[in-house]
Amino acid sequence: MTSTAKPKVVSAAERRQARDELLKEEKEATRALDAIAAKRRRLPMVKFDDYTFATADGSTTLRDLFGDHVQLAVYQFMDNGPDEFCPGCTWFTNNVVNLDGLAENGVAWATVSNMPVAQIEAYKAKMGWAMPFVSSRGSTFSEDCGTEGYFGLSMFFRDGDDVYQTYFTKARGVDRLLFVNNILDLAPYGRQEDWEDSPASRPA
């Protein structure tokens with residue numbers, strides 16, 4: 001870190017003016033995100049089959065993953081092959097917390113991967129993860145959701161015994177869910193990623 005790798009020092013009044021100007025843009029972005037969320041809630045849905053997944057205790061179904069809820073969030077963890085684990089999916093899964101709070105708001109959570117269940121269980125134990133994590137290996141669930149071998153997040157709705165996909169996103173679409181990434185976006189050094197637009201003096 002060089003001595004220039006820091007924000008400019010100004011008076012409190014100058015800082016407040018700059019902050020107020022940025023706040024206007026932040027509020028515009030918040031309103032835009034609220035409008036997008038409203039459109040998201042109005043998206044049509046598509047019916048899904050009741051897929052069967054492998055677990056450490058046997059098998060379960062897509063419908064079972066809802067538990068007592070009618071809404072379900074599913075993160076699809078990439079299958080990179082034997083003894084290989086996607087670092088981005090690992091980073092994401094480390095950010096998955098407070099599932100009880102999610103459930104209190106009527107949404108169940110499950111992580112799904114095409115990895116064999118034995119590989120999933122070994123990695124769960126190593127990482128200390130406790131969320132439901134099942135194997136879709138041998139099914140077309142991943143492709144049918146839209147991941148095409150990638151990672152992604154789907155939202156599902158259950159109406160009686162019928163299950164529907166209501167939303168899907170992948171790549172940067174799941175980025176907004178990550179606690180650490182979003183805090184870093186508020187920090188003066190940001191994420192220190194190559195694609196970021198940061199002052200030339202800041203670390204990369």
Looking only at side chains, do [X] and [Y] share a donor and an acceptor under 3.5 Å apart?
X	Y	answer
Thr140	Glu143	no
Tyr75	Ser154	no
Thr61	Thr52	no
Asn114	Ser136	yes

Quick check: do [X] and [Y] have side-chain heavy atoms less than 4.5 Å from each other?
X	Y	result
Met115	Phe85	yes
Trp109	Leu65	no
Phe157	Asp162	no
Val74	Phe141	yes
Leu72	Leu62	yes
Phe168	Leu153	no
Met78	Ser113	no
Lys47	Val163	no

Subject >> Selection residues 173-184 - residue pairs positive for side-chain hydrogen bond (donor to acceptor under 3.5 Å, both in side chains), sequence neighbours left out >> reply: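 Sorted result for residues 173-184: Trp91-Asn181, Asp175-Asn181, Asp175-Arg191.
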
**OP:** Using the test side-chain hydrogen bond (donor to acceptor under 3.5 Å, both in side chains), find all partners of Gln119 that sit at least two apart in sequence or belong to another chain.
**Re:**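 side-chain hydrogen bond (donor to acceptor under 3.5 Å, both in side chains) check on Gln119 returns nothing, list empty.
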
Subject >> For Glu26, all residues meeting side-chain hydrogen bond (donor to acceptor under 3.5 Å, both in side chains), sequence neighbours excluded >> reply: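 Only Arg19 meet the side-chain hydrogen bond (donor to acceptor under 3.5 Å, both in side chains) criterion with Glu26.
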
hydrophobic_cluster_shared for [Y] and [X], side chain cutoff 4.5 Å:
X	Y	answer
Val96	Val112	no
Phe151	Tyr123	yes
Leu99	Met155	yes

**OP:** Would you please test Asp79 and Arg137 for salt bridge (charged side-chain N to carboxylate O under 4.0 Å, His left out) and show each step?
**Re:** CA-CA 9 Å; Asp79 175 15; Arg137 196 172 188 83; 3.2 Å; yes

Subject >> Nearest heavy-atom neighbours spanning Pro7 and Pro188 >> reply: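 That would be CG-CB, 4.0 Å.
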
Original post:
So which heavy atom on Asn95 is nearest to which on Val180, and how close?
Top reply: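 For Asn95 and Val180, the tightest heavy-atom pair comes out as OD1-N, 3.1 Å.
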
**OP:** Determine, using ring centers only, whether Phe77 and Phe133 are less than 6.0 Å apart.
**Re:**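 Ring centres of Phe77 and Phe133 closer than 6.0 Å.
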
Original post:
How about Phe156 and Phe48: are their ring centroids closer than 6.0 Å?
Top reply: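 Ring-ring flag for Phe156/Phe48: true, centres closer than 6.0 Å.
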
Subject >> Within 45° cone of Tyr164 ring axis and under 6.0 Å: Arg158 NZ or CZ >> reply: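 The answer is no; the distance or angle limit is not met.
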
**OP:** Can you measure from CG (Asn80) to SG (Cys86) and round to the nearest 0.5 angstrom?
**Re:**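 Here the rounded value is 5.5 Å.
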
Original post:
If only atom types and distance count, is the side chain of Lys124 paired as donor or acceptor with the main-chain N or O of Met131 below 3.5 Å?
Top reply: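 Here the side-chain-to-backbone pair exists.
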
Subject >> Donor-acceptor pair, side chain of Glu14 and main chain of Ser11, under 3.5 angstrom >> reply: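 Side chain of Glu14 to backbone of Ser11: a pair is present.
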
